There are 2 protein chains.
Amino acid sequence: MPSVDRLAMIKRFYRKYNRLPSYSEMLRLFHFASKKAVHLVVHKWIEEGLLKIDSNKITPTLRFFGLPLFGMIKAGFPILAEEDRQYLTLDEYLINDPNSSFLLKVSGDSMINAGIFDGDVVVVEQKREPVPGDIVLAEIDREWTLKIYKKDRRHRLAYLEAANPKYPPFYPTQELKIHGVIGGVVRKLAN
Amino acid sequence: MPSVDRLAMIKRFYRKYNRLPSYSEMLRLFHFASKKAVHLVVHKWIEEGLLKIDSNKITPTLRFFGLPLFGMIKAGFPILAEEDRQYLTLDEYLINDPNSSFLLKVSGDSMINAGIFDGDVVVVEQKREPVPGDIVLAEIDREWTLKIYKKDRRHRLAYLEAANPKYPPFYPTQELKIHGVIGGVVRKLAN
DNA sequence: CAGTATAGTAAACAAATGTTTACTTTGTCA
DNA sequence: TGACAAAGTAAACATTTGTTTACTATACTG
């Protein structure tokens with residue numbers, strides 16, 4: 001059994017249980033008879049930078065549970081050496097303040113020119129102050145909607161704009177509440 | 001110190017160290033003098049469904065580290081009761097097979113009509129078989145690019161198409177290699 | 001094929017884990 | 001103000017943690 005399989009095994013374990021297996025659990029997983037054998041493979045992973053020890057506890061590193069991020073350049077694709085790769089989690093990439101954010105599945109075509117399609121999921125940050133140009137989750141005259149936050153030059157009044165020429169700007173007749181600023185957009189492609 | 005602060009504290013701890021703090025660590029964090037006090041708050045969280053116990057180990061649930069996902073409906077916004085909320089992680093939402101995927105920062109405007117803008121990050125799934133219509137990471141005549149995978153009706157030949165009318169279709173003169181299918185698109189908005 | 005490094009077994013280790021018991025403080029509300 | 005529940009202290013508990021020692025099997029390598 002090559003060690004890469006073992007790595008895949010505890011990665012699967014980590015994704016399922018959201019924690020690393022203990023030595024005894026790995027012992028069962030890898031069909032070892034001695035914890036020394038586990039100790040060996042774990043410390044090999046530590047040397048490779050996949051795991052690390054803090055406060056005498058073994059924890060995964062970004063290299064363990066993140067995905068490598070590459071940059072696309074015009075001529076050719078940059079396959080970086082393992083040690084130069086940047087590893088990333090989509091959650092930490094997109095979500096600034098997890099305690100005051102939520103996800104929202106968008107419906108409608110009013111933001112297509114901003115690259116937000118029907119069915120996309122957006123990250124709504126509730127504590128962020130909107131500045132003109134931001135895409136916001138707003139409640140305009142008691143109706144919830146996703147639009148661009150704008151401010152009238154003369155009267156300094158806030159209004160909303162769609163990112164689709166077929167819709168006119170929206171000026172509130174009674175009230176305009178901004179419930180959050182969109183910090184990210186996520187789209188899952190077919191299958 | 002209200003208990004919601006303590007929850008925020010161990011959420012921060014979890015995001016920083018990718019594991020839950022032990023009782024002794026929480027003892028320090030919360031400035032408790034007895035592990036019994038820790039035990040109490042932990043088991044309150046377990047009852048609330050934020051944590052759970054498997055194999056005598058305390059682990060976080062989706063409710064703990066995920067974000068709630070809401071659906072947008074035309075008239076009004078559905079604020080669901082806590083127990084009806086669906087919790088989600090962007091990583092598990094977008095990434096099907098973490099072991100054979102990577103992230104790629106896109107440059108160029110050739111896919112704007114597919115809602116993929118310059119600077120967006122896409123999830124490339126290496127083991128997925130492309131079907132016509134899929135957006136793929138391809139190497140066409142030694143040049144890497146992100147395009148729509150197509151097949152010629154008559155000759156059954158594969159070619160590439162941009163999602164931007166200003167570019168013509170790309171027919172390979174020598175070779176066309178598909179290195180992966182795009183399974184998701186991610187865009188981080190300003191700041 | 002002999003020599004040697006690598007990978008594994010078996011058992012013992014201190015230290016840390018989460019739980020429990022018995023008791024005390026704090027806060028709430030009639 | 002008095003009663004009572006909730007929250008915390010202090011200490012002891014059995015288990016489990018990851019590490020280590022000494023020894024053995026396996027697999028390369030020249």
Side-chain angles (χ1 to χ4, degrees), chain A residues 1-66 82-83 87 99, chain B residues 1-66 82-83 87 99:
Chain A
M1 181 195 303
S3 86
V4 79
D5 286 345
R6 293 189 191 132
L7 186 56
M9 281 172 113
I10 70 161
K11 280 189 177 181
R12 235 175 288 131
F13 188 104
Y14 184 80
R15 288 197 174 94
K16 187 167 178 189
Y17 299 105
N18 301 109
R19 63 174 177 89
L20 287 177
S22 71
Y23 276 26
S24 353
E25 287 170 317
M26 291 194 218
L27 194 136
R28 269 173 263 146
L29 276 173
F30 303 157
H31 298 108
F32 280 150
S34 168
K35 287 208 263 178
K36 177 68 198 285
V38 176
H39 184 85
L40 235 65
V41 316
V42 165
H43 280 255
K44 198 188 62 201
W45 288 328
I46 290 175
E47 282 193 9
E48 290 171 10
L50 290 158
L51 305 177
K52 69 170 178 232
I53 295 183
D54 69 62
S55 321
N56 291 323
K57 268 137 223 142
I58 295 159
T59 49
T61 65
L62 253 184
R63 284 247 339 261
F64 182 82
F65 58 81
E82 176 80 16
E83 60 263 31
Y87 283 79
N99 290 317
Chain B
M1 180 195 301
S3 87
V4 79
D5 285 344
R6 292 188 193 132
L7 186 57
M9 281 172 113
I10 71 159
K11 280 190 177 179
R12 235 176 288 132
F13 188 104
Y14 185 81
R15 289 197 172 93
K16 187 167 177 189
Y17 299 105
N18 302 109
R19 63 174 178 88
L20 286 178
S22 70
Y23 276 26
S24 353
E25 287 171 317
M26 290 194 216
L27 195 136
R28 269 173 263 146
L29 277 172
F30 303 158
H31 299 107
F32 279 151
S34 168
K35 287 209 263 177
K36 176 66 197 283
V38 175
H39 184 85
L40 234 65
V41 317
V42 165
H43 281 256
K44 199 188 61 201
W45 287 329
I46 290 174
E47 282 193 9
E48 290 171 9
L50 289 158
L51 305 176
K52 69 170 177 232
I53 295 184
D54 68 62
S55 323
N56 290 324
K57 269 135 222 141
I58 295 158
T59 49
T61 65
L62 252 184
R63 282 250 338 261
F64 182 81
F65 58 81
E82 176 80 16
E83 59 263 32
Y87 283 80
N99 291 317

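Chain identifiers are assigned alphabetically (A, B, ...) following the order of the sequence lines, protein sequences preceding nucleic acid strands; residue numbering begins at 1 within each chain. On a predicted model such as this, the values are computed, not experimentally measured, just so you know.
Summarising the geometry, the separation between CE on A/M26 and P on C/dT9 is reported as 15 Å, rounded to the nearest angstrom. Per the geometry, CG belonging to B/L51 stands 12 Å off P belonging to C/dG18, to the nearest Å. Rounded to an integer number of Å, the gap from CG of B/L27 to P of C/dT17 is 11 Å. As rounded to whole Å, 14 Å separates atom P of C/dC13 from atom NZ of A/K35. Taking atom CZ of residue A/R19 and atom P of nucleotide C/dG18, one finds them 11 Å apart after rounding to whole Å. Look at CD1 on B/I46: it is 12 Å from C1' on C/dT19, rounded to the nearest Å.
Within the 4.0 Å cut-off from OP1 or OP2 of C/dT17, at least one side-chain nitrogen or oxygen of A/K57 is found. OP1 or OP2 of C/dA16 has not a single side-chain nitrogen or oxygen of B/Y23 nearer than 4.0 Å. Using a 4.0 Å cut-off, some side-chain N or O of B/S22 falls inside it from OP1 or OP2 of C/dT17.
Heavy atoms of A/A37 sit under 4.0 angstrom from at least one base atom.
Among residues two or more places apart in sequence or in another chain, the side-chain contact (heavy atoms from CB on, under 4.5 Å) test is passed with B/F13 by B/Y17, B/R19, B/P21, B/E25, B/L29. Not a single side-chain hydrogen bond (donor to acceptor under 3.5 Å, both in side chains) links B/N99 to another residue, sequence neighbours left out. Judged as a side-chain contact (heavy atoms from CB on, under 4.5 Å), and not counting sequence neighbours, the contacts of B/Y87 are B/L62, B/R63, B/P68, B/E82, B/R85.
On the nucleic acid side, DNA chain D contacts chain A at distances under 4.0 Å to non-hydrogen atoms, with the end points of that region at D/dT17 to D/dT21.
Residues B/K36 and A/H39 both approach DNA chain D. Their nearest nucleotides, taken by heavy-atom distance, put B/K36 toward the 5′ side. Each of B/N56 and A/A33 was assigned the nucleotide of DNA chain C with the nearest heavy atom; the assignment lying further toward the 5' end belongs to A/A33.
For the 3.5 Å distance criterion, the side chains of A/N18 and B/T59 fail to qualify, holding no donor opposite an acceptor.
B/F64 and B/Y14 have perpendicular rings, their planes meeting at more than 60° on a 0 to 90° scale where under 30° would count as parallel. The aromatic rings of A/W45 and A/F30 lie perpendicular to each other, with more than 60° between the two planes, well past the 30° mark.
Residue A/F32 places its side chain closer to C/dT9 than to any other of C/dT9, C/dA7, C/dT19.
Note that CD1 of A/I10 is 15.0 Å distant from NZ of A/K16, once rounded to the nearest 0.5 Å. To the nearest 0.5 angstrom, A/L27 atom CG is 8.0 Å from A/F32 atom CZ.
Consecutive Watson-Crick or G-U pairs involving DNA chain C, each under 3.5 Å on both distances, make up stems of three or more pairs at C:4-12 with D:19-27, C:14-17 with D:14-17, C:19-30 with D:1-12.
Pairs of residues two or more places apart, or lying in two chains, never qualify as salt bridge (charged side-chain N to carboxylate O under 4.0 Å, His left out) while including a residue from residues 28-40 of chain A.
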